[in-house]
Amino acid sequence: MDVCRRPLKPSISHNHHQKRPTPSSDAAKASDALPLPLNITNCFFFTLFFFVAYYLLDRWRDKIRTSTPLHILTFYELAAILSLIASFIYLLGFFGIDFVQSFISRYSHDVWELENDEEQIFIRDGDCSIHCPVSSLITSKPKSMDIPVTPLPLKDDEELVKSVVSGDIPSYSLESKLGDCFKAASIRREALQRLTGRSLEGLPLEGFDYESILGQCCEMPVGYVQIPVGIAGPLLLNGCEYSVPMATTEGCLVASTNRGCKAIFASGGATSVLLRDGMTRAPVVRFASAKRATELKFFLEDPLNFDTLTVVFNKSSRYARLQGIQCAIAGKNLYIRFSCSTGDAMGMNMVSKGVQNVLDFLQNDFPEMDVIGISGNFCSDKKPAAVNWIEGRGKSVVCEAVINGEVVAKVLKTTVSALVELNMLKNLTGSAVAGSLGGFNAHAANIVSAIFLATGQDPAQNVESSHCITMMEAVNNGRDLHVSVTMPSIEVGTVGGGTQLASQSACLNLLGVKGANKESPGSNSQLLATIVAGSVLAGELSLMSAIAAGQLVKSHMKYNRSSRDVTKLG
């Protein structure tokens with residue numbers, strides 16, 4: 001079978017002498033219908049539009065500063081509004097019609113070009129000739145893909161792998177060039193094995209939706225890691241039962257948390273209260289002098305200016321609502337800690353956009369302000385920090401329960417007095433001796449990390465989210481145990497990031513907090529934070545009981561050691 005190409009004759013006209021339109025052809029324009037001195041009217045309306053727009057914005061800002069109602073208009077303001085509308089209608093009508101007409105003309109020109117320049121492929125097979133337009137042989141991008149696709153020349157997988165290994169095709173560009181996320185991952189994986197000389201056998205490739213992470217969760221994937229998910233519960237919290245998903249590779253963790261849930265359930269359940277909900281971001285700005293930096297500090301902390309800053313900040317999102325501004329100064333450098341509610345999202349990107357709006361606004365009154373960074377670590381994100389321990393970040397939650405003395409003895413296998421003494425010497429005194437920051441607990445990070453992985457949270461934010469102080473006290477004449485955990489900075493969300501992946505979405509659905517709550521924005525993420533705190537309470541109760549009863553080593557030897565002969569593996 002031989003293939004040849006030849007140009008196709010124009011099929012849109014039977015007149016072969018039809019002339020091709022050129023850009024220089026005399027065509028009617030929209031402006032021809034307007035008998036106006038264009039150079040004068042255009043200049044007039046342009047100047048009028050921008051002048052009155054600036055005047056109205058300046059008046060709007062003055063009214064906000066002086067608390068004057070916006071609907072009260074002076075004669076000049078009313079005239080300015082009418083002038084703005086008139087100039088806008090003129091500019092839209094004049095240039096808008098001209099733009100649409102030129103666009104239609106260009107489209108017609110492109111169609112003429114396409115129909116005249118299109119080629120056909122003639123495939124001869126024996127005595128048969130098949131006419132096939134080139135456009136029908138181009139493979140289109142899958143509808144489910146939402147990425148720009150630049151098709152590569154036809155190559156088999158081996159040639160693609162060699163191109164990646166040699167560097168002719170960048171590994172990071174495979175998704176956009178191939179238009180197939182799974183194939184891109186497989187090509188990248190094979191190229192990596194050849195470059196490193198090491199096998200990735202055991203790291204699964206198939207069975208994962210790589211399109212779901214494109215531009216969202218992970219770049220340049222070569223597979224995915226399997227983490228088993230266990231269920232602890234039911235956790236009886238605020239009168240409702242929850243089956244808590246925990247993704248972990250540590251033995252005993254799910255079993256221990258489950259035992260704590262059992263003790264809480266048998267004692268009537270736990271109560272959890274949300275104290276505060278506000279994500280933070282703290283840019284750092286610099287001035288030429290400390291005096292000027294303090295002037296901005298006083299301006300930001302003045303209650304009279306808060307309403308104006310709130311309007312500017314809240315423009316960034318439907319859900320972002322500025323709650324407060326806290327400043328710290330170091331010489332001529334000013335650290336500004338913004339706190340805002342973020343709906344059901346964890347909210348880091350949301351608060352960052354609002355902060356940028358405020359910084360742009362402040363630049364008008366403080367033009368010499370030098371923005372060093374959108375984050376100056378006074379936030380503080382993914383790091384242990386006293387400001388989070390004291391002021392809180394994300395969701396601040398306290399959770400408590402009264403555990404019946406009989407339950408302590410039968411389920412937890414210890415006594416109330418032993419737990420109280422151990423908590424005093426371990427979680428409080430021991431942590432103080434160690435100079436701990438927010439670590440006055442037994443293993444809150446264990447439970448937080450496991451739930452974070454299962455529900456698609458940012459694992460790195462386990463650092464501040466695990467800040468916790470565990471308290472235990474004998475009540476009811478020493479018969480029962482009051483236990484509580486106070487966690488000031490649980491950073492969780494139920495929309496965005498990893499929460500949209502199939503597995504993590506399923507775990508959120510199990511808890512009844514999947515996605516955004518349309519009736520009460522923010523309530524899903526707040527409920528998730530209280531569940532995290534309740535689970536930490538169960539984990540603390542069980543581990544402390546195991547240590548008090550001397551069962552920690554025994555239980556780990558039973559549940560956290562593999563019986564496989566590792567000398568025969570690999």
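We use all heavy atoms of the structure for the numbers below, so side chains are in, but hydrogens, waters and symmetry mates are not.
Looking at Arg188 and Glu175, a side-chain N of the basic residue comes within less than 4.0 Å of a carboxylate O on the acidic one, giving a salt bridge. For Asp381 and Arg393, the salt-bridge test passes: some basic side-chain N is under 4.0 Å from an acidic carboxylate O.
Counting only distance, with no hydrogens or angles, the side chain of Ser267 and the backbone of Ile264 share no donor-acceptor pair below 3.5 Å. The closest donor-acceptor contact from the side chain of Ser489 to the backbone of Glu464 lies under 3.5 Å. Judged purely by atom type and a 3.5 angstrom limit, Asn404 uses its side chain to pair as donor or acceptor with the backbone of Glu406. Distance alone, capped at 3.5 Å, is enough to place a donor-acceptor pair between the Arg321 side chain and the Arg318 backbone. A donor-acceptor pair is defined here as one N or O able to donate and one able to accept, closer than 3.5 Å; no such pair exists between the side chain of Thr530 and the backbone of Ser272. No donor-acceptor distance shorter than 3.5 angstrom exists from the side chain of Glu473 to the backbone of Val483, with no hydrogens or angles considered. The closest donor-acceptor contact from the side chain of Asn258 to the backbone of Gly233 lies under 3.5 Å. A side-chain donor-acceptor contact under 3.5 Å links Asn305 to the backbone of Phe299. In this structure a side-chain-to-backbone donor-acceptor pair under 3.5 Å is present from Asn524 to Gly515. Using a distance-only test at 3.5 Å, with no hydrogens or angles considered, a donor-acceptor pair links the side chain of Lys413 to the main chain of Lys410.
When all heavy atoms of Ala320 and Phe313 are compared, the closest pair comes out as CB-CE2, 4.1 Å. Here the shortest heavy-atom pairing between Thr494 and Leu508 reads O-CD1, 4.2 Å. Of all heavy-atom pairs between Ile329 and Gly331, the closest is CG1-O, 3.5 Å. Nearest approach of Val229 to Pro245, heavy atoms of both residues: CG1-CB, 4.0 Å. Scanning all heavy atoms of the two residues, the minimum distance from Cys507 to Thr455 falls at CB-CG2, 4.3 Å. Of all heavy-atom pairs between Tyr224 and Leu205, the closest is CE2-O, 3.8 Å.
The 12-atom threshold is exceeded at CD of Gln216, counting heavy atoms of other residues, nucleotides or ligands nearer than 6.0 Å. No more than 12 heavy atoms of other residues, nucleotides or ligands lie within 6.0 Å of CG in Asn349, so this atom counts as exposed by the packing criterion.
Val285 places none of its side-chain heavy atoms less than 4.5 Å from the side chain of Asn333. For the pair Leu453 and Thr248, the minimum side-chain heavy-atom distance is 4.5 Å or more. A 4.5 Å side-chain heavy-atom check between Gln326 and Phe338 finds every atom pair outside the cut-off. Here the side chains of Leu274 and Lys395 are in contact, with some heavy-atom distance below 4.5 Å. Using a 4.5 Å cut-off on side-chain heavy atoms (C-beta onward), Asp480 and Ile403 make no contact. Using a 4.5 Å cut-off on side-chain heavy atoms (C-beta onward), Met348 and Gln461 make contact. Two residues are said to be in side-chain contact when any heavy atoms from C-beta on lie closer than 4.5 Å; Thr257 and Met246 meet this criterion. Taking the side chain as every heavy atom from C-beta outward, Met279 and Cys379 never approach each other to under 4.5 Å.
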Give the C-alpha distance, both sets of side-chain angles, the deciding distance and a yes or no for side chain to side chain contact (heavy atoms under 4.5 Å, CB included) between Ile231 and Val244.
CA-CA 5 Å; Ile231 297 297; Val244 184; over 6 Å; no
With side chain to side chain contact (heavy atoms under 4.5 Å, CB included) as the test, would you mind laying out the steps for Met346 and Ser525 before giving the verdict?
CA-CA 8 Å; Met346 182 270 290; Ser525 61; over 6 Å; no
Quick one: do Leu362 and Leu309 satisfy side chain to side chain contact (heavy atoms under 4.5 Å, CB included)? Show the steps, please.
CA-CA 9 Å; Leu362 292 174; Leu309 297 174; 4.2 Å; yes
Between Val222 and Gln193, is a side chain to side chain contact (heavy atoms under 4.5 Å, CB included) present by the stated rule, with each step listed?
CA-CA 10 Å; Val222 293; Gln193 292 183 125; over 6 Å; no
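A side-chain donor from one of Ser449 and Asn462 sits under 3.5 Å from a side-chain acceptor of the other. Between the side chains of Ser542 and Ser256, at least one donor N or O sits under 3.5 Å from an acceptor N or O. Thr470 and Glu540 form a side-chain donor-acceptor contact under 3.5 Å, judged by distance and modelled atom types alone. A side-chain donor-acceptor contact under 3.5 Å links Ser339 and Gln323. For the residue pair Ser523 and Asn517, a side-chain donor N or O sits within less than 3.5 Å of a side-chain acceptor on the partner.
Distance check, rounded to the nearest 0.5 Å: CG of Asn388 to CD of Glu491 gives 6.5 Å. The distance from the CG atom of Asn441 to the CG atom of Leu537 is 12.0 Å, given to the nearest 0.5 Å. To the nearest 0.5 Å, the span separating NZ on Lys514 from OG1 on Thr499 amounts to 10.0 Å. Taking CG of Asp180 as the reference point, atom CD1 of Ile187 lies at 9.5 Å (rounded to 0.5 Å). Interatomic distance, Leu543 CG to Asn446 CG, rounded to the nearest 0.5 Å: 8.5 Å. We find the SG-NZ distance between Cys340 and Lys353 to be 11.0 Å, quoted to the nearest 0.5 Å.
The aromatic rings of Phe182 and Tyr210 lie tilted to each other, with the angle between the two planes from 30° to 60°.
Residues meeting the salt bridge (Lys or Arg N to Asp or Glu O under 4.0 Å) test with Glu301, sequence neighbours left out: Lys297.
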